[in-house]
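To start, the structure under review is shown below, and the notes come after it.
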Amino acid sequence: MLCSDFDPDRKAVINPEDNFSPLPGFPQMCMGVYSQPIVESLLQRFGGEEILALRFCSGPVPVYRVRALGQEFALFVPHVGGAASGSMMEELAAHGGRCFVFFGSCGVLQGEITDGHLILPTAAVRDEGLSYHYLPPADEVALDPACVAACRQALESLGLPFVEGKTWTTDGFYRETRGKVRRRREQGCLCVEMECASLAAVAQFRGLRFAQFFFAADNLDAPAWDARGLPHLGRSVGDQCFAAAVEAGRRLLALP
């Protein structure tokens, strides 16, 4: 998908800074976890102070200040989808966030990637809408190499096995057809999810540090769709992913 209506004007009719102000002491590192059970478990183990709530018509999304594994960060459960997640990044950046780490599940396009295995995206196919409002038209967006390297080093330092490569970001969860899966595999995509291209575009436009990784869940590379561990929402790998996200965020903060 290519959109030809990109406008490079930095000033929009509605801007985050018009409605949200920096909060004194707001953590520079923000962690978005696409799993309510993982976040609830982290809050039970480490505690957390609610420092604000992102307001949506569906209800507030609490953001917690957490101190764990030697690092302070803002923790929240993002809404699924690039547009919603991107707006959350915008608002948290306006409050003072500078480095963002997101993790959650993905569907694999190569069946040999086992359930729960970690995937580090280096680029995202832009089969969604939000990125085209932040970057000129292109089929893909590359993630910041320095941020990818920071996340890679975090995973390696913890001895966590992972694969890296392209991801396919789509708005159309129920339109992942066999033909599209085949074409994305031919483009080199390892997996499919709904946010990475959007978040990478927002981060690039706003000058934010951003890294993301996934844990493999459902398998689209099979005669019939296989949910595998998708219904478990990452409970079996939550601790590993959390440790990796904290370490990745620490390394993002240290970047020049």
Extract all donor-acceptor atom pairs below 3.5 Å that involve side chains of residues 243-250 and protein atoms in other chains or at least two apart in sequence.
| unit_1 | atom_1 | unit_2 | atom_2 | d |
| --- | --- | --- | --- | --- |
| Glu247 | OE1 | Arg250 | NE | 3.2 |
| Glu247 | OE1 | Arg250 | NH2 | 3.2 |
| Glu247 | OE2 | Arg251 | NE | 2.9 |
| Glu247 | OE2 | Arg251 | NH2 | 3.3 |
| Arg250 | NH1 | Leu69 | O | 3.3 |
| Arg250 | NH2 | Leu69 | O | 3.3 |

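- The hydrophobic cluster containing Val39 also contains Met31, counting ILVMFWY residues as joined when their side-chain heavy atoms lie under 4.5 angstrom apart, directly or transitively.
- Rounding to the nearest 0.5 angstrom, the gap separating the CG atom in Leu220 from the CZ atom in Arg184 is 12.5 Å.
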Check step by step if side-chain contact (heavy atoms from CB on, under 4.5 Å) holds for Leu208 and Cys99.
-> CA-CA 6 Å; Leu208 304 170; Cys99 299; over 6 Å; no

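- Here the side chain of Asn15 pairs no donor or acceptor atom with the backbone of Glu17 at under 3.5 angstrom.
- Residue Ile38 comes nearest to Gly238 through the heavy atom pair CD1-CA, 3.8 Å, listed as atom of the first residue, atom of the second, then distance.
- Residue Pro60 comes nearest to Arg55 through the heavy atom pair CB-NH1, 3.5 Å, listed as atom of the first residue, atom of the second, then distance.
- Note that the CG atom of Leu118 and the CZ atom of Phe213 stand 6.5 Å from one another [nearest 0.5 Å].
- Leu130 CG to Met89 CE: the interatomic distance, rounded to the nearest 0.5 Å, is 10.5 Å.
- When hydrophobic residues (I, L, V, M, F, W, Y) are linked wherever their side-chain heavy atoms come within less than 4.5 Å, the members clustered with Ile14 are Val13.
- Legend: residues meeting side chain to side chain donor-acceptor pair (under 3.5 Å) with Lys180, ordered by chain and number and at least two apart, are absent.
- A donor-acceptor pair under 3.5 Å is formed between the side chain of Asp171 and the backbone N or O of Gly129.
- You'll find the side chain of Met88 reaches within 4.5 Å of the side chain of His79, heavy atoms only.
- With sequence neighbours excluded, the residues that form a side chain to side chain donor-acceptor pair (under 3.5 Å) with Asp218 are Trp225.
- Using modelled atom types and a 3.5 Å distance limit, the side chains of Ser198 and Glu128 yield a donor-acceptor pair.
- Residues that satisfy the side chain to side chain donor-acceptor pair (under 3.5 Å) test with Glu186, not counting sequence neighbours, are absent from this structure.
- Atom SG of Cys151 and atom CZ of Phe102 lie 13.0 Å apart (nearest 0.5 Å).
- Residues Phe26 and Leu253 fall within the same hydrophobic cluster, defined by Ile, Leu, Val, Met, Phe, Trp and Tyr side chains chained together at heavy-atom separations under 4.5 Å.
- For Gly116 against Phe215, the heavy-atom pair with the smallest separation is O-CB, 4.1 Å.
- Formation of a donor-acceptor pair under 3.5 Å by the Arg185 side chain with backbone atoms of Leu109 is found in this model.
- Put simply, the side chain of Arg228 gets close to the backbone of Ala217: a donor and an acceptor are under 3.5 Å apart.
- Between Phe103 and Val33 there is a side-chain heavy-atom pair separated by less than 4.5 Å.
- For Asp127 (side chain) and Thr170 (main-chain N/O), no donor-acceptor pair under 3.5 Å exists by modelled atom type.
- There is no path of hydrophobic side-chain contacts, each under 4.5 Å, that joins Phe173 to Leu190.
- Within the structure, the salt bridge (Lys or Arg N to Asp or Glu O under 4.0 Å) test picks out the following pairs touching residues 63-86 (sequence neighbours left out): Glu49-Arg65, Arg65-Glu72, Arg67-Glu72.
- Atom-to-atom distance recorded for Phe76:CZ and Ile51:CD1 is 11.0 Å, nearest 0.5 angstrom.
- With sequence neighbours excluded, the residues satisfying ring pair (Phe, Tyr, Trp, His ring centres under 6.0 Å) with Phe205 are Tyr134.
- In terms of heavy-atom proximity, Val108 sits nearest to Ala216 at CG1-CB, 3.5 Å.
- Scanning all heavy atoms of the two residues, the minimum distance from Pro16 to Ala94 falls at CB-CB, 4.0 Å.
- Side-chain contact of Thr122 with Glu164: a donor-acceptor pair under 3.5 Å is absent, judged by distance alone.
- A ring-centre distance under 6.0 Å is not found for Phe162 and His117.
- Checking side-chain atoms of Arg209 against main-chain N and O of Arg98 turns up no donor-acceptor pair under 3.5 Å.
- In this structure, Val66 and Leu43 have side chains that are in contact, with non-hydrogen atoms separated by less than 4.5 Å.
- Considering every non-hydrogen atom in both Cys189 and Gln110, the closest pair reads O-NE2, 3.8 Å.
- With hydrogens and angles left out, the side-chain atoms of Thr169 and Glu195 include no donor and acceptor closer than 3.5 Å.
- Considering only residues two or more places apart in sequence or on other chains, Phe242 meets the ring pair (Phe, Tyr, Trp, His ring centres under 6.0 Å) condition with Phe46, Phe73.
- Considering only heavy atoms from C-beta on, Leu199 comes within 4.5 Å of Gln212 through its side chain.
- Expressed to the nearest 0.5 Å, how far SG of Cys30 lies from CG of Leu252 amounts to 11.0 Å.
- Residues Thr167 and Ile119 form no side-chain contact, since every pair of their non-hydrogen atoms from C-beta on lies 4.5 Å or further apart.
- The backbone N or O of Gly82 sits nowhere less than 3.5 Å from a side-chain atom of Ser85 that would complete a donor-acceptor pair.
- For Gln28, the side chain to side chain donor-acceptor pair (under 3.5 Å) criterion is met by no residue, not counting sequence neighbours.
- In this structure, Phe210 has its ring center at least 6.0 angstrom away from the ring center of Phe100.
- Using a cutoff of 4.0 Å between basic side-chain nitrogens and carboxylate oxygens, Arg235 and Glu40 are not scored as salt-bridged.
- Evaluation of the salt bridge (charged side-chain N to carboxylate O under 4.0 Å, His left out) rule for Glu91 yields no partner, not counting sequence neighbours.
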I would like to know whether Glu140 and Arg126 meet salt bridge (Lys or Arg N to Asp or Glu O under 4.0 Å); could you show each step before the answer?
-> CA-CA 5 Å; Glu140 302 177 5; Arg126 297 166 65 184; over 6 Å; no

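- Side-chain contact between Leu54 and Val63 is present, with at least one heavy-atom pair separated by less than 4.5 Å.
- Residues Phe214 and Val77 do not share a hydrophobic cluster, clusters being chains of Ile/Leu/Val/Met/Phe/Trp/Tyr side chains in contact below 4.5 Å.
- A heavy-atom distance below 4.5 Å is found between the side chains of Phe6 and Pro137.
- Contact check for Leu23 versus Leu52: side-chain heavy atoms found under the 4.5 Å cut-off.
- Residues satisfying the ring pair (Phe, Tyr, Trp, His ring centres under 6.0 Å) criterion with His95, sequence neighbours excluded, are Phe20.
- Between Asp239 and Arg45 a salt bridge is recorded (basic side-chain N to carboxylate O distance below 4.0 Å).
- Proximity of a side-chain donor or acceptor of Lys166 to a complementary backbone N or O of Gln187 within less than 3.5 Å is detected.
- With a 4.5 Å cut-off between side-chain heavy atoms of Ile, Leu, Val, Met, Phe, Trp and Tyr, the cluster of Leu233 takes in none.
- A donor-acceptor pair is defined here as one N or O able to donate and one able to accept, closer than 3.5 Å; no such pair exists between the side chain of Gln204 and the backbone of Gly207.
- Around CZ of Arg178, the count of heavy atoms belonging to other residues, nucleotides or ligands within 6.0 Å exceeds 12.
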